[in-house]
Amino acid sequence: MFLVGVGLYWAEGAKAKPGSYRRVIFVNSDPNMIRLFLAWLDLLGMAPERRRFSVDIHESADVPAAEVYWARQVGIEVRTLLKTSLKKHNPKTNRTNVGDDYHGCLRVAVLKSAEPHSQIEDWWNQIVLGSPLSSGMV
């Protein structure tokens, strides 16, 4: 679970540029990925009280329904969600993520997580440096 979480975060989590503010942030549209990420945060001892959730979704979607959907997926009250981030609709784009099954993405941010973010980066580097990839053997 530990290694899966490190890889999942490095693939889908927020990475900071050198010198910028670092914080653990994960955004995904798959509820199972979100639940796995939350279980990984539990494993790392990052308390639920430090987690903040918000929805990222296209403005043309059913925003209230998406907020209810995501709150249910992670077991929180809708009123505890942070402000939803709306993506502007581009009429020239032929979007396929529409309809009743479209719920946008859930953004999970962990408060006071600059140090854990650095630790995750270190863990990832240790995994990569200890793999055949680092020696060019692949």
Side-chain angles (χ1 to χ4, degrees):
M1 176 69 167
F2 173 76
L3 293 175
V4 167
V6 172
L8 176 64
Y9 185 78
W10 204 251
E12 297 288 330
K15 274 76 79 190
K17 295 178 182 174
S20 68
Y21 179 72
R22 295 168 184 245
R23 183 166 60 154
V24 174
I25 299 171
F26 184 82
V27 181
N28 206 279
S29 63
D30 182 342
N32 290 321
M33 292 285 264
I34 295 290
R35 283 190 283 273
L36 179 63
F37 178 70
L38 295 177
W40 184 67
L41 292 179
D42 290 341
L43 178 74
L44 297 181
M46 290 191 216
E49 299 80 38
R50 293 173 53 196
R51 302 171 194 173
R52 299 296 180 267
F53 302 93
S54 61
V55 176
D56 294 346
I57 194 165
H58 287 87
E59 65 182 355
S60 58
D62 185 346
V63 174
E67 291 170 341
V68 168
Y69 173 83
W70 282 114
R72 285 183 182 155
Q73 294 300 316
V74 295
I76 61 170
E77 297 290 327
V78 173
R79 62 179 173 71
T80 64
L81 287 168
L82 299 178
K83 183 179 178 184
T84 294
S85 176
L86 298 177
K87 183 175 180 182
K88 296 276 185 204
H89 176 65
N90 180 354
K92 295 179 183 177
T93 303
N94 185 19
R95 286 185 37 230
T96 57
N97 54 351
V98 295
D100 292 342
D101 291 335
Y102 175 62
H103 308 290
C105 295
L106 187 68
R107 181 179 189 269
V108 181
V110 180
L111 301 176
K112 299 179 183 176
S113 59
E115 187 176 318
H117 185 280
S118 294
Q119 183 64 62
I120 295 165
E121 186 174 5
D122 289 344
W123 291 330
W124 177 251
N125 288 329
Q126 290 171 21
I127 291 168
V128 171
L129 293 175
S131 76
L133 294 173
S134 65
S135 63
M137 294 174 57
V138 177

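Looking only at distances, a side-chain donor or acceptor of Tyr9 sits under 3.5 Å from a matching main-chain atom of Ala14. No donor-acceptor pair under 3.5 Å is formed between the side chain of Lys88 and the backbone N or O of Glu59. Looking only at distances, a side-chain donor or acceptor of Trp40 sits under 3.5 Å from a matching main-chain atom of Phe2.
Taking CG of Leu106 as the reference point, atom OG of Ser54 lies at 7.0 Å (rounded to 0.5 Å). Distance NE2/His103 to CD/Glu67: 13.0 Å, rounded to 0.5 Å. Between Met46 atom CE and Lys112 atom NZ the span is 14.0 Å, to the nearest 0.5 Å. Here NZ of Lys15 is found 6.5 Å from CH2 of Trp10. Values are rounded to the nearest 0.5 Å. The line from CG of Leu41 to OG of Ser113 is 9.0 Å long, rounded to the nearest 0.5 Å. Here Asp30 contributes atom CG and Arg35 contributes atom CZ; the two are 8.0 Å apart, rounded to the nearest 0.5 Å.
Taking 4.5 Å as the limit, every side-chain heavy atom of Ile25 sits out of range of all side-chain heavy atoms of His117. Between Phe37 and Glu12, the closest side-chain pair of non-hydrogen atoms is not below 4.5 Å. At a threshold of 4.5 Å between non-hydrogen side-chain atoms, the residues Leu86 and Ile57 count as touching. The shortest side-chain heavy-atom distance between Cys105 and Trp70 does not fall under the 4.5 Å cut-off. Contact of the Gln73 side chain with the Ile34 side chain is not registered, since no non-hydrogen atoms from C-beta on lie closer than 4.5 Å.
Taking both residues in full, the closest heavy atoms of Val6 and Trp123 are given as CG2-CE3, 3.9 Å, listed atom of the first, atom of the second, then distance. For the pair Arg107 and Ala109, the tightest heavy-atom approach, listed with the atom from each and the gap, is NH1-CB, 3.8 Å.
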Determine whether Leu111 and Arg23 satisfy the following criterion, side chain to side chain contact (heavy atoms under 4.5 Å, CB included), listing intermediate values before the conclusion. CA-CA 7 Å; Leu111 301 176; Arg23 183 166 60 154; 4.1 Å; yes

Report the C-alpha separation of Val55 and Tyr69 in whole Å, then their side-chain angles, then the decisive distance to 0.1 Å, and conclude whether the side chain to side chain contact (heavy atoms under 4.5 Å, CB included) test is met. CA-CA 10 Å; Val55 176; Tyr69 173 83; over 6 Å; no

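Follow the hydrophobic side-chain contacts under 4.5 Å out from Leu8 and you reach Leu38 in the same cluster. Hydrophobic clustering of Ile, Leu, Val, Met, Phe, Trp and Tyr side chains at less than 4.5 Å, counting indirect connections, unites Val63 with Phe53. Hydrophobic cluster membership differs between Leu82 and Val24, with clusters built from Ile, Leu, Val, Met, Phe, Trp and Tyr side chains linked at under 4.5 angstrom. In the hydrophobic clustering of ILVMFWY residues, with side-chain heavy atoms under 4.5 Å counting as a link, Ile76 and Val27 come out apart.
Pairs passing the side chain to side chain donor-acceptor pair (under 3.5 Å) check and including a residue from residues 43-52, sequence neighbours excluded, read Asp42-Arg51.
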